[in-house]
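In what follows, a structure is listed as structure tokens, so that the remarks can point back to it.
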Amino acid sequence: MSTYVETKPKVTTRRLLEMKERGEKIACLTAYDYTTATLVDGAGIDLILVGDSASNVMAGNVTTLPITLDEMITYAKGVVKGVKRAFVVVDLPFGSYQGNSKEALASAIRVMKETSAEAVKMEGGSEIRESIERILSAGIPVMGHLGLTPQSINKFGTYNVRAREEAEAEKLLSDAKMLDELGCFAIVLEKIPAALAEKVAKSVTVPVIGIGAGGAVDGQILVFQDMLGMNNGFSPKFLRRYADLASVIHDSLGHYVADVKSADFPNASEQY
Ligand code: KIV
């Protein structure tokens, strides 16, 4: 019996663009390890992001700022090994690309060489234009990220919806057009009004992937642990939970503890 991944062609930047052009929505998720990546890829997800949200959900940090390039590369190596069909993108972490475009290129080259991922993602618009241009000039695909950009949490002060005010909305639209013109292959829009996201998606040629940006964009992304209910402390309005894995894991572990304590596990058929 052939699996989904064997019957569907490998996703590339070209195929993502074709999906936008024919109106096929793009399904994206995060993954940070090999086992998860095999499950996510096998389910037919088109794009896997090794997000710097690993800083929160894998490393337990309060923000995405502490995660390092070395840590991102370690996570990404495992993910790439588990993927056959999806397009794999790796977040450049805070401090690895802002301010100095030569350092930005060096960071992106490390990601591409050491992980075999297919693209990098960077947060910001005109402020990081030079870094984006330099990375693109080396033939490395770049995914933009506008709206709520968690690496700038200390500037924003909150994780509230961005670009409700006209001036910020105008800047976001102009940044999106700039990313499109520079040659980014896609843009993530995080936590902005749905009407603005729709306007952006209609104003740029490349796919726009939303998280908390409504349904009129070209695709959606969620964090794996959030959408499977492994992380019940996090429940923003935009999050749809597809499972309650925290309860499944809690109950299963409780049974295991009870079985060990009662000497029910292992039984005769579970030993040599
Ligand atoms: O790091 C991440 O998981 C992300 C997504 C929320 C888009 O950037």
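Fair warning: this is a prediction, and the values are worked out from it, not measured in the lab. Sequential numbering from 1 along the given sequence is applied to the chain's residues.
For Y32, the side chain to side chain donor-acceptor pair (under 3.5 Å) partners two or more places apart in sequence, or in a different chain, are T30, S53.
For residues 207-232, every residue pair satisfying the salt bridge (charged side-chain N to carboxylate O under 4.0 Å, His left out) rule, not counting sequence neighbours, is listed here: K20-D218.
For the atom pair OG of S107 and CE of M122, the computed distance is 8.5 Å after rounding to the nearest 0.5 Å. A distance of 8.0 Å separates CG of D91 from NE2 of H145, quoted to the nearest 0.5 Å. Here the straight-line distance linking atom CD of E270 with atom CG of D264 works out to 8.0 Å at 0.5 Å rounding. Rounding to the nearest 0.5 Å places OG1 of T149 at 11.0 Å from CZ of F94.
V120 and V89 make their closest contact through C-CG1, 3.8 Å (heavy atoms, listed as atom of the first residue, atom of the second, distance).
Residues L245 and I45 share a hydrophobic cluster, clusters being chains of Ile/Leu/Val/Met/Phe/Trp/Tyr side chains in contact below 4.5 Å. Clustering ILVMFWY residues whenever any of their side-chain heavy atoms sit less than 4.5 angstrom apart, transitively, puts L92 in the very cluster that holds M58. Linking Ile, Leu, Val, Met, Phe, Trp and Tyr whenever their side-chain heavy atoms come within less than 4.5 Å leaves I67 and V62 in two separate clusters. Transitive grouping of hydrophobic side chains (ILVMFWY, heavy atoms separated by less than 4.5 Å) brings L196 and F238 into a common cluster.
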Pair up each side-chain donor or acceptor in residues 172-184 with any protein partner under 3.5 Å, not counting sequence neighbours, and list the distances.
| residue | atom | partner | partner atom | Å |
| --- | --- | --- | --- | --- |
| D175 | OD1 | S126 | N | 3.1 |
| D175 | OD1 | K171 | NZ | 3.2 |
| D175 | OD2 | K171 | NZ | 2.5 |
| D180 | OD1 | T205 | OG1 | 2.7 |
| D180 | OD2 | T205 | N | 2.8 |
| D180 | OD2 | T205 | OG1 | 3.3 |

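Counting heavy atoms from C-beta on, the side chains of Q98 and Q151 come closer than 4.5 Å.
There is a side-chain donor-acceptor pair under 3.5 Å between D33 and T36.
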Q. Passes ring-ring contact (aromatic ring centres under 6.0 Å, His included), F185 versus F87? Steps please.
A. CA-CA 12 Å; F185 75 92; F87 189 76; 5.2 Å; yes
